[in-house]
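Have a look at the structure below before the remarks.
Position 1 is the first residue of the sequence; numbering continues from there. Both counts, for ligands and for their atoms, begin at 1 and track the order of listing. Predicted, not measured: the structure shown is a model, and the values here were computed from it.
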Amino acid sequence: MKIGIDAGGTLLKIVYLKNGERRFEKRSSSEIDILIDELNTHHTEDEIYLTGGKAEYMDEKLNCTYGMSVEFDATFRGLTALMKEQELSIGRFVYLNVGTGTSFHQADEDGQTRVGGSGVGGGTLMGLSKLLTDMDSYDEIIKLAEKGNRDEVDLQVHHIYAGRPTPIPGDLTASNFGNVLSGNIHNLSNADKLQAVIGLVAETVTAIGISLADGFDTKEIVFIGSTLLNNDVMREIIERYAGLKGANAHIIENGEYSGAIGAVL
Ligand code: ATP
Ligand code: MG
């Protein structure tokens, strides 16, 4: 069996490959030593391939590894394979890996270039959610956020123009959390706050993606990373915002495993 591991800042993404079949698994990065023990005990016959920020740490502790890739190369190899399987053929595109932080890339037939990063990502989602609502379960956060309404938290363009014609759609966010001082925030629920947090992350990364796509002469923006996982609020905001700017957002199924898949390729 071949095992690909993308050891990230928050999550360990693992892909087990046997007889052409793939099995995916995710664990918290805090369990990295438990995973290493398991691999050293039960997977002595298997080929282990590593990538991600914690790959070197794993490599030092594992009895035997077969290869280690730079995460940006592995992720692009895996993403290319997933896009092919999902029959998404766009020659020229930008992609955003929304992990703990977010990294931005431009890609064409010749390969990928990492063009930048932002500290706003899934870690921001988790951290601000904890500060504002004391919740720390990703699954609970994204579920509750669906029931929220961020209208009183975010300042929208029409708030500023106050009834006058707006040069851009009035319901676009002018300032994330910018309405807190003047809005009716006494009745805000945790769901409202969580939705606003996700809005901040989604709109920030999408705005950067749109600008990068513009500068790269493409309309295609691809999103991967565990921050998209079952995150309907995030997905809807990304799709709507990109659509308003005439860009096409593509959220890749199992995209968070791109690095783990690519590590083996
Ligand atoms: P990086 O690439 O920046 O080192 P990473 O590879 O660990 O980090 P991802 O796994 O792509 O990053 O994404 C991590 C984010 O995914 C978290 O910050 C959180 O928002 C979200 N997430 C999804 N599922 C979970 C989960 N079960 N537990 C914690 N966070 C989760
Ligand atoms: Mg990662």
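Distances between N or O atoms of Leu229 and those of ligand 1 include no value under 3.5 Å. For Gly123, a nitrogen or oxygen atom sits less than 3.5 Å from a nitrogen or oxygen atom of ligand 1, counting backbone and side chain alike. In terms of N/O distances under 3.5 Å, ligand 1 is not approached by Asp6. Considering both main-chain and side-chain atoms, Thr10 comes within under 3.5 Å of ligand 1 through a nitrogen or oxygen pair. Taking distance alone, with nitrogen or oxygen atoms compared against 3.5 Å, Asn97 stays at or beyond that limit from ligand 1. Among the atoms of Gly122, some N or O lies under 3.5 angstrom from an N or O of ligand 1.
Of the N and O atoms on the side chains of Thr51 and Asp6, not one donor lies less than 3.5 Å from an acceptor on the other residue.
In terms of protein heavy-atom proximity, atom 15 (C) of ligand 1 is closest to Thr227 OG1, 3.5 Å. Of the protein's non-hydrogen atoms, Leu11 CD2, 4.4 Å is the one closest to atom 27 (N) of ligand 1. At the shortest separation from atom 31 (C) of ligand 1 among protein heavy atoms lies Tyr138 CG, 3.6 Å. Summary of contacts: the protein heavy atom closest to atom 9 (P) of ligand 1 is Ser226 OG, 3.3 Å. If you check which protein heavy atom lies closest to atom 2 (O) of ligand 1, you get Glu71 OE1, 4.0 Å. For atom 3 (O) of ligand 1, the nearest non-hydrogen atom of the protein is Thr100 N, 3.1 Å.
Remark: ligand 1 atoms within the under-4.0 Å shell around heavy atoms of Gly9 are 1 (P), 4 (O), 5 (P), 7 (O), 8 (O). Short contacts between ligand 1 and Gly8, defined as distances under 4.0 Å to a heavy atom of the residue, involve ligand atoms 4 (O), 5 (P), 6 (O), 7 (O). Heavy-atom proximity to Gly225, at under 4.0 Å, picks out these atoms of ligand 1: 11 (O). Within ligand 1, counting atoms from 1 as listed, the ones closer than 4.0 Å to a heavy atom of Gly101 are 3 (O). Atoms of ligand 1 lying under 4.0 Å from at least one heavy atom of Lys13, given by number and element, are 5 (P), 6 (O), 7 (O), 9 (P), 10 (O), 12 (O).
Pairing each heavy atom of Leu200 with each of Asn176, the nearest pair is CA-ND2, 3.4 Å.
Checked for salt-bridge contact, Arg23 and Glu25 meet the test: a charged N lies under 4.0 Å from a carboxylate O. A salt bridge links Lys130 with Asp134; the closest basic N to acidic carboxylate O contact falls under 4.0 Å. A salt bridge links Lys143 with Glu146; the closest basic N to acidic carboxylate O contact falls under 4.0 Å.
For the pair Glu152 (side chain) and Leu188 (backbone), a donor-acceptor distance under 3.5 Å is absent.
His43 meets the side chain to side chain contact (heavy atoms under 4.5 Å, CB included) test with Met1, Ile3, Tyr16, Leu39, Asp46; sequence neighbours excluded.
Side-chain contact between Met68 and Glu56 is present, with at least one heavy-atom pair separated by less than 4.5 Å.
For His105 and Phe76, the distance between ring centers is not under 6.0 angstrom.
For Met126, every heavy-atom contact with ligand 1 shorter than 4.0 Å involves the side chain, none the backbone.
Aromatic ring orientation, Tyr49 versus Tyr66: tilted (interplanar angle from 30° to 60°).
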How far apart are the C-alpha atoms of Asp192 and Ser189, what are their side-chain angles, what is the distance that settles it, and do they pass the side chain to side chain donor-acceptor pair (under 3.5 Å) test? CA-CA 5 Å; Asp192 299 336; Ser189 65; 3.2 Å; yes

